[in-house]
Amino acid sequence: MCGIVGYVGHSQALPVILKGLHRLEYRGYDSAGVALLDAEGKLNVYKCKGKVAELERHLEGKDSFGTIGIGHTRWATHGEPNDVNAHPHFSESGELALIHNGIIENFRVLKDALIQNGFSFRSSTDSEVLVNLIEYIRKTNGCTLAEAVRIALKQVVGAYAIAVIEKGNPDEIVAAKQSSPMVIGIGKDEYYLSSDAASIIDYTNEFVYLNDGEVAIINRNNPLHIVKLSGEDSPVDIKKLELSISQLEKGGYPHFMLKEINEQPQTILDCIRGRISPDTGEVILSGILDNMDKFLNAKRIIIVACGTSWHAALIGERIIEEFCRIPVEVEYASEFRYRNPIIHSDDIVVAVSQSGETADTLAAVELARKAGAFVYGICNVIGSSIARATDSGTYIHVGPEIGVASTKAFTGQVTVMAMMALVIGKALGTLPEETYLAVSKGILGLPELIAQTLKMSDQIADLAKIFTYAHNFIYLGRGYNYPTALEGALKLKEISYIHAEGLPAAEMKHGPIALIDAEMPTVAIATLDQTYEKTISNIEEIKARGGKIIALVSRGDDLARRSADYCLEIPQTVECLMPILSSIPLQLLAYYIAVYKGRNVDQPRNLAKSVTVE
Ligand code: M6R
């Protein structure tokens, strides 16, 4: 969703901002803009609908000098994507320019009050209301910009990360955040600002993560100063981030998604590194071990997540219940937060989120904390809002995921939840030693089996050609692989725009089988597990009605091969880890179909990588 980049220092701001905005493109956006303050104090704003490349063309020949500036990529919420609604927004007088990520929920009330005070508006955005509110307060109170921002934000209901610059104030950016990410990079007599540390990692590895309700006064001549909305000073806590630039580039692949799919042998290795002893198979997860009393006494675990992370959570639910015998509920974070859920102090709420910024998951975390539950995070992005808002957690450590379609994060999330279940189950005594060892050995063997699975890439590319023109797909799975079927369907629909539905295989005869004809292909996951024979029967029922079957089967399984029209053979591991292997051909199938359809694989229409608004 919206991206923010800012710079104040002694170099030209524009190249820094444009490079940062390019790095944020993966998040999804529909317009872009910059505001620059030049040495004479002139405030120039340039913005347009479309990609950052269009903004670059729009900037050609324009006065774009300035060692202080802010830039933005907008994902439309209020008002259509067009030049006027693009950020930055000028205040009425043209003295302030603001960029905003988030939603101001009470913008209508604030706007009406400003109109009564003589303000008029050019755009349909909530953000323009905010910049005018700041201007109004600045003028009526005769206070500093930072003070006006602080007072204005006390009147705002909603989510925001903002940055404001002002004519005649050439050394300072004022930034603030509430429920939307904002990080300040520390340089030498210079500062960087971004909604994602990765976008400014070229310049510094020292960051200050702004907390909710904080306003930062970022002045090139002074140390960073942060105040709370209440006016008290906040500590400036500088953190070091180790991230290599090569992780943010495509490395020879045509798309980030394909790179990330192919990285999975390595990302799973990174995820388990130092956590499972190759000699003894012992699993050590410090986040769990340090809080073992909570897990030993938990009456229930509630997992909250969205999208792909929700699918991973469904697999986690099955593994934790099987190994730990603790009841687990999996909730869409967006539903959980609004339904007055029953949360007890001996419940554990686990939040699963790749980005660690998903607004609904973050809100669910806050709700759970208020209710007194112990909250555990499973995130990928280090220092993200959810990682910081939870009591403890485990990072999946799969590296930056840039493609909007989540791939390596999904397999990392399932791996972490399997390791969690092993640690907790062992401590509870609910898990036989041989199962513990078989699964931990299974996890150690995943990188090799994933590498073998990836060798099917060409075969899947050929298969994808046959099905590129299908209008609908059904994905079937049972047990551990039912969530994999949901995930396969989500991958296909989000990047190819083909309608796809994931179902538990046995549900077909309760209605969906009516959809089956020669035009409705079914992807059936029929690997060797508890319900294997039953899934084969489900496949036969579809075949009998003229449906085409692509079956995902265990290597060497001839029975399944005979039942299917097309067969994809994957290696076998312990049952609870099979989704990690079976999801990979489904990622590749979705990828190749989307490529053949000419889709924008890494940035599919209407989608954003980090869903920081509700
Ligand atoms: O960053 P998160 O894991 O919290 O994101 C949740 C979903 O928005 C995300 O998984 C989404 O469904 C993916 N684009 C699917 O590939």
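Order of appearance sets the numbers: ligands from 1, and atoms from 1 within every ligand.
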Do [X] and ligand 1 have an N or O pair less than 3.5 Å apart?
X: Gly307; answer: no
X: Ser309; answer: yes
X: Glu494; answer: yes

Less than 4.0 Å between a side-chain N and a carboxylate O, is that true for [Y] and [X]?
X: Lys370; Y: Glu366; answer: no
X: Glu329; Y: Arg300; answer: yes
X: Asp202; Y: Arg23; answer: yes

List ligand 1 atoms under 4.0 Å from [X], heavy atoms only on the residue side.
X: Lys491; value: 15 (C), 16 (O)
X: Ser353; value: 1 (O), 2 (P), 3 (O), 4 (O)
X: Ala405; value: 16 (O)

Note the single closest protein heavy atom to [atom], along with its residue, its atom name and the distance in Å.
atom: atom 7 (C) of ligand 1; value: Cys306 O, 3.7 Å
atom: atom 10 (O) of ligand 1; value: Thr308 N, 3.1 Å
atom: atom 5 (O) of ligand 1; value: Thr358 OG1, 3.4 Å
atom: atom 1 (O) of ligand 1; value: Ser355 OG, 2.6 Å
atom: atom 14 (N) of ligand 1; value: Val404 O, 2.9 Å

Report task. Check ring-ring contact (aromatic ring centres under 6.0 Å, His included) between His87 and all other residues, then give those that pass, not counting sequence neighbours. Result ->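 Once residues adjacent in sequence are excluded, the partners of His87 under the ring-ring contact (aromatic ring centres under 6.0 Å, His included) criterion are His72, His89.
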Report task. List in chain and number order the residues that pass side chain to side chain contact (heavy atoms under 4.5 Å, CB included) with His255, two or more places apart in sequence or in another chain; answer none if no residue qualifies. Result ->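 Result, side chain to side chain contact (heavy atoms under 4.5 Å, CB included) vs His255: Tyr591, Val595, Val601, Asp602.
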